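Comments concern the structure below.
The chain is numbered in sequence order, starting from 1. All figures in this text were calculated on a predicted structure; none of them were measured in a lab.
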Amino acid sequence: MSTPANPSVGWIGLGSMGLAMALNVQKHLKATESPDLHYWNRTISKGDELKEIGGKPFGSPLAVVLNSGVVFISVSDDQTLKSVVDQIVCAGQLLTGTIFVDTTTIHPETTRAVSRRLEQFGAVYIAAPVFGSTPVAQAGQLLVAAAGRKDAVNRIEPYLTGVIARGVIRVGEDPAQALLLKTTSNILTAGMMYLISEAHTLAEKSGLPSSVLESLIEQNLGTYAHGVSKRLTSGAYLPAEGQAPQSSLELGIKDVQHGVDLAKSKGMKLDVGEVYVTAANKAKEWSANQGRALDSSSVFGIVRKRAGLAFENEYVQKRDAQKRKMNDDDRIRLAYSTI
C-alpha cells in the first residue's frame with residue numbers, strides 16, 4: 001500500500017540504462033514489500049522483463065505520474081525530456097508534492113528550464129545523472145550526482161544507494177550543478193577514451209603487446225582507466241552483430257558536445273572534447289556504412305584507421321570470423337535437415 005512515507009514509485013523511459021535501473025528498483029520494492037513500480041516507455045514491450053517481476057505498465061507518462069509519488073525519468077536526450085514534460089504538466093496542480101528524479105544527461109540550461117516548469121505546479125525536481133555503462137547499471141553499481149531540495153534528496157536516497165548506485169555525490173540544491181558535474185565527467189571520460197586509444201594503437205604499431213600496456217594502465221592509472229582499456233581490447237568498442245553497445249556512440253557524441261558547447265558559452269575551448277567529437281562523428285559514418293552499432297569508445301577504430309590499421313582489432317576480427325563460421329554451420333545443418 002502506498003503511503004506518504006512509502007510512496008508508489010514510477011519510471012519513465014526504458015532504454016538500456018533505464019531498464020537496468022528500473023529492474024533494480026523493482027527488486028528493491030519487492031524486497032521491502034513496497035508497492036510495485038509503475039512504468040511507461042514509448043515501446044511498452046521493452047518493459048516485459050520488468051513486468052515479469054511485478055512492474056505495472058501504464059499507457060502514458062501522465063498516467064504514471066498521476067499514480068506515483070516519486071517518478072524517475074530516464075530518457076535519451078534534451079528534446080525527449082522536454083516532450084515528456086509537455087505531457088506531464090497537463091496535470092497542473094495535481095503535480096503538487098510529486099518528486100521527479102531525472103537521471104537523463106542533458107544540458108545544464110535544459111535542467112534549469114525543466115525544473116522551473118515542473119516546480120511552478122508544486123512538483124519537486126531532483127537532477128540525478130548517473131555515471132557508468134549498462135553493465136555497471138545492471139550490477140547496481142552506478143555513481144549518482146544528486147542536486148535538489150535537501151529534504152527531497154533524503155526521501156529518494158533509499159532508491160539510490162545500494163539499489164541503483166554504489167554511492168551518491170550531493171551537489172547542492174541547484175539541479176543544474178549536477179549536470180555541470182556530469183558534463184565535466186563526460187569530458188574526462190572522452191579524453192581518456194581517446195588517449196588510451198592512441199596508446200594502444202601506438203603499442204600495436206610498435207610491437208608492444210596490448211596485455212602489457214593494459215597491465216600498466218591497471219596498476220598505474222587505476223580501475224577506471226583499466227575499464228576504458230578493456231572496452232577497447234575486449235572488442236566492446238565494436239559490439240558483435242546483434243549485440244547492444246555498453247554506451248551508445250550517439251549518446252556519447254551528444255553528451256560530449258554539451259560540454260564543448262558549454263565551454264564556448266563561457267569563452268573557452270575544449271580541445272580534447274572537440275577531438276573526441278570529430279573522431280566520434282567519423283565512427284558514426286563508419287557505423288552507417290557498415291550497418292553496425294558502435295559503443296561510445298569506438299573512436300578507437302578511427303584512431304586505428306588513421307594509423308593505417310583496420311577499424312577492427314585482432315580480437316574483433318577473430319570474434320566476428322568465428323561467429324560467421326557458426327552462422328554458416330547453422331545454415332548447412334538447416335539445409336541438411338530439410339532434405
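- Inter-residue side-chain proximity for Pro129 and Leu179 is flagged as met; some heavy-atom pair is nearer than 4.5 Å.
- A distance-only check finds a donor-acceptor pair linking the side chain of Trp11 to the backbone of Gly13 [under 3.5 Å].
- A distance of 9.0 Å separates CD1 of Ile53 from CG of Asp36, quoted to the nearest 0.5 Å.
- Not a single donor-acceptor pair under 3.5 Å links the side chain of Ser206 to the backbone N or O of Ala203.
- A salt bridge links Asp271 with Lys269: the closest approach of a Lys/Arg side-chain nitrogen to an acidic carboxylate oxygen falls below 4.0 angstrom.
- If you check the side chains of Glu214 and Ser210, you find no donor sitting under 3.5 Å from an acceptor.
- In terms of modelled atom types and a separation under 3.5 Å, the side chain of Asp295 and the main chain of Gln246 share a donor-acceptor contact.
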side-chain hydrogen bond (donor to acceptor under 3.5 Å, both in side chains) between His38 and Ser68, intermediate numbers included: CA-CA 7 Å; His38 304 151; Ser68 308; 3.2 Å; yes

Step-by-step side-chain hydrogen bond (donor to acceptor under 3.5 Å, both in side chains) determination, Ser16 to Thr134: CA-CA 6 Å; Ser16 59; Thr134 300; 3.2 Å; yes

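- Shortest non-hydrogen contact noted between Leu66 and Ala91 is CD2-CB, 3.9 Å.
- Counting heavy atoms from C-beta outward, Leu29 and Tyr159 have side chains that approach closer than 4.5 Å.
- The neighbour count for Glu314 CD, taken as heavy atoms of other residues, nucleotides or ligands under 6.0 Å away, does not exceed 12.
- Contact of the Ile12 side chain with the Phe72 side chain is not registered, since no non-hydrogen atoms from C-beta on lie closer than 4.5 Å.
- Under a 3.5 Å cut-off, the side chain of Gln141 and the backbone N or O of Ala165 do not form any donor-acceptor pair.
- Trp40 and Leu14 make their closest contact through O-CG, 4.5 Å (heavy atoms, listed as atom of the first residue, atom of the second, distance).
- Ion pairing between a basic and an acidic side chain is recognised when a charged N comes within 4.0 Å of a carboxylate O; Arg117 and Asp86 show such pairing.
- Here Asp78 does not pair with Lys254 in a salt bridge; the nearest charged N to carboxylate O distance is not below 4.0 Å.
- Checked by atom type and distance alone, the side chain of Ser234 pairs as donor or acceptor with a backbone atom of Lys230 at under 3.5 Å.
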Trace of the ring pair (Phe, Tyr, Trp, His ring centres under 6.0 Å) decision for Tyr237 with Phe300: CA-CA 7 Å; Tyr237 77 96; Phe300 182 41; 4.9 Å; yes

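- Rounding to the nearest 0.5 Å gives a distance of 8.5 Å between CD of Gln322 and NZ of Lys325.
- Cluster annotation: Leu216 and Tyr194 are assigned to the same hydrophobic cluster (Ile/Leu/Val/Met/Phe/Trp/Tyr, side-chain heavy-atom contacts under 4.5 Å, transitive).
- You'll find the side chain of Ile302 reaches within 4.5 Å of the side chain of Phe311, heavy atoms only.
- Residue Glu49 qualifies as open at atom CD: its count of foreign heavy atoms under 6.0 Å is 12 or below.
- Atom NZ of Lys305 and atom CD of Glu312 lie 8.0 Å apart (nearest 0.5 Å).
- Thr105 places none of its side-chain heavy atoms less than 4.5 Å from the side chain of Leu251.
- Not one N or O on the side chain of Ser83 forms a donor-acceptor pair closer than 3.5 Å with the backbone of Gln79.
- The shortest side-chain heavy-atom distance between Met21 and Thr103 falls under the 4.5 Å cut-off.
- Here the shortest heavy-atom pairing between Ser265 and Leu262 reads OG-O, 2.6 Å.
- Proximity of Ile99 to Val71: side-chain heavy atoms (C-beta onward) are nowhere separated by under 4.5 Å.
- The 12-atom threshold is not exceeded at CD of Glu241, counting heavy atoms of other residues, nucleotides or ligands nearer than 6.0 Å.
- Using modelled atom types and a 3.5 Å distance limit, the side chains of Asn41 and Thr43 yield no donor-acceptor pair.
- The two residues Ile88 and Ile73 come nearest to each other via the heavy atoms CD1-CD1, 4.4 Å.
- In this structure, Lys182 contributes its side chain and Phe131 its backbone to no donor-acceptor pair below 3.5 Å.
- A salt bridge is absent between Glu198 and Lys205: the closest approach of a Lys/Arg side-chain nitrogen to an acidic carboxylate oxygen does not fall below 4.0 angstrom.
- Aromatic ring orientation, His107 versus His258: perpendicular (interplanar angle above 60°, classes split at 30° and 60°).
- In terms of modelled atom types and a separation under 3.5 Å, the side chain of Thr189 and the main chain of Ser185 share a donor-acceptor contact.
- You'll find the side chain of Phe100 stays beyond 4.5 Å of the side chain of Val124, heavy atoms only.
- Both Val130 and Leu50 are part of a single hydrophobic cluster, where members link through side-chain heavy atoms under 4.5 Å apart.
- Among all heavy-atom pairs drawn from Ala178 and Val171, the shortest one is N-CG1, 4.0 Å.
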Audit row: Thr80, Asp77, side-chain hydrogen bond (donor to acceptor under 3.5 Å, both in side chains) steps and yes/no: CA-CA 5 Å; Thr80 305; Asp77 55 33; 2.7 Å; yes

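- Cluster membership check: Val64 shares its hydrophobic cluster with Leu118, using side-chain heavy-atom separations under 4.5 Å among Ile, Leu, Val, Met, Phe, Trp and Tyr.
- Checked by atom type and distance alone, the side chain of Ser287 never pairs as donor or acceptor with a backbone atom of Ala283 at under 3.5 Å.
- The distance from atom OH of Tyr39 to atom OG of Ser74, rounded to the nearest 0.5 Å, is 15.0 Å.
- Expressed to the nearest 0.5 Å, how far CD of Gln26 lies from CD of Glu52 amounts to 12.0 Å.
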Derivation and outcome, side-chain hydrogen bond (donor to acceptor under 3.5 Å, both in side chains), residues Arg231 and Ser296: CA-CA 10 Å; Arg231 284 169 78 171; Ser296 57; 3.3 Å; yes

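- Linking ILVMFWY side-chain heavy atoms closer than 4.5 Å, directly or via other members, places Tyr125 and Leu180 in two distinct hydrophobic clusters.
- For the residue pair Ser229 / His200, a side-chain donor-acceptor distance below 3.5 Å is found, with atom types taken as modelled.
- Put simply, Leu94 and Val70 are part of two different groups of oily side chains (I, L, V, M, F, W, Y) that touch within less than 4.5 Å, one to the next.
- When Leu181, Asp174, Thr183 are each tested for a side chain to side chain contact (heavy atoms under 4.5 Å, CB included) with Pro108, only one passes: Thr183.
- Glu157 and Thr161 form a side-chain donor-acceptor contact under 3.5 Å, judged by distance and modelled atom types alone.
- Taking both residues in full, the closest heavy atoms of Ala280 and Ile253 are given as CB-CG1, 3.5 Å, listed atom of the first, atom of the second, then distance.
- A distance-only check finds no donor-acceptor pair linking the side chain of Ser298 to the backbone of Gly301 [under 3.5 Å].
- Summarising the geometry, atom NE2 belonging to His226 is positioned 13.0 Å from atom CG belonging to Asn220; distances are rounded to the nearest 0.5 Å.
- Remark: Glu109 engages Arg112 in a salt bridge, criterion side-chain N to carboxylate O under 4.0 Å.
- A donor-acceptor pair shorter than 3.5 Å can be found between the side chains of Gln219 and Ser215.
- Residue-environment remark: CZ (Arg306) exceeds the threshold of 12 foreign heavy atoms within 6.0 Å.
- In summary, the side chains of Asn313 and Arg319 do not present any donor paired with an acceptor at a separation below 3.5 Å, with no hydrogens or angles considered.
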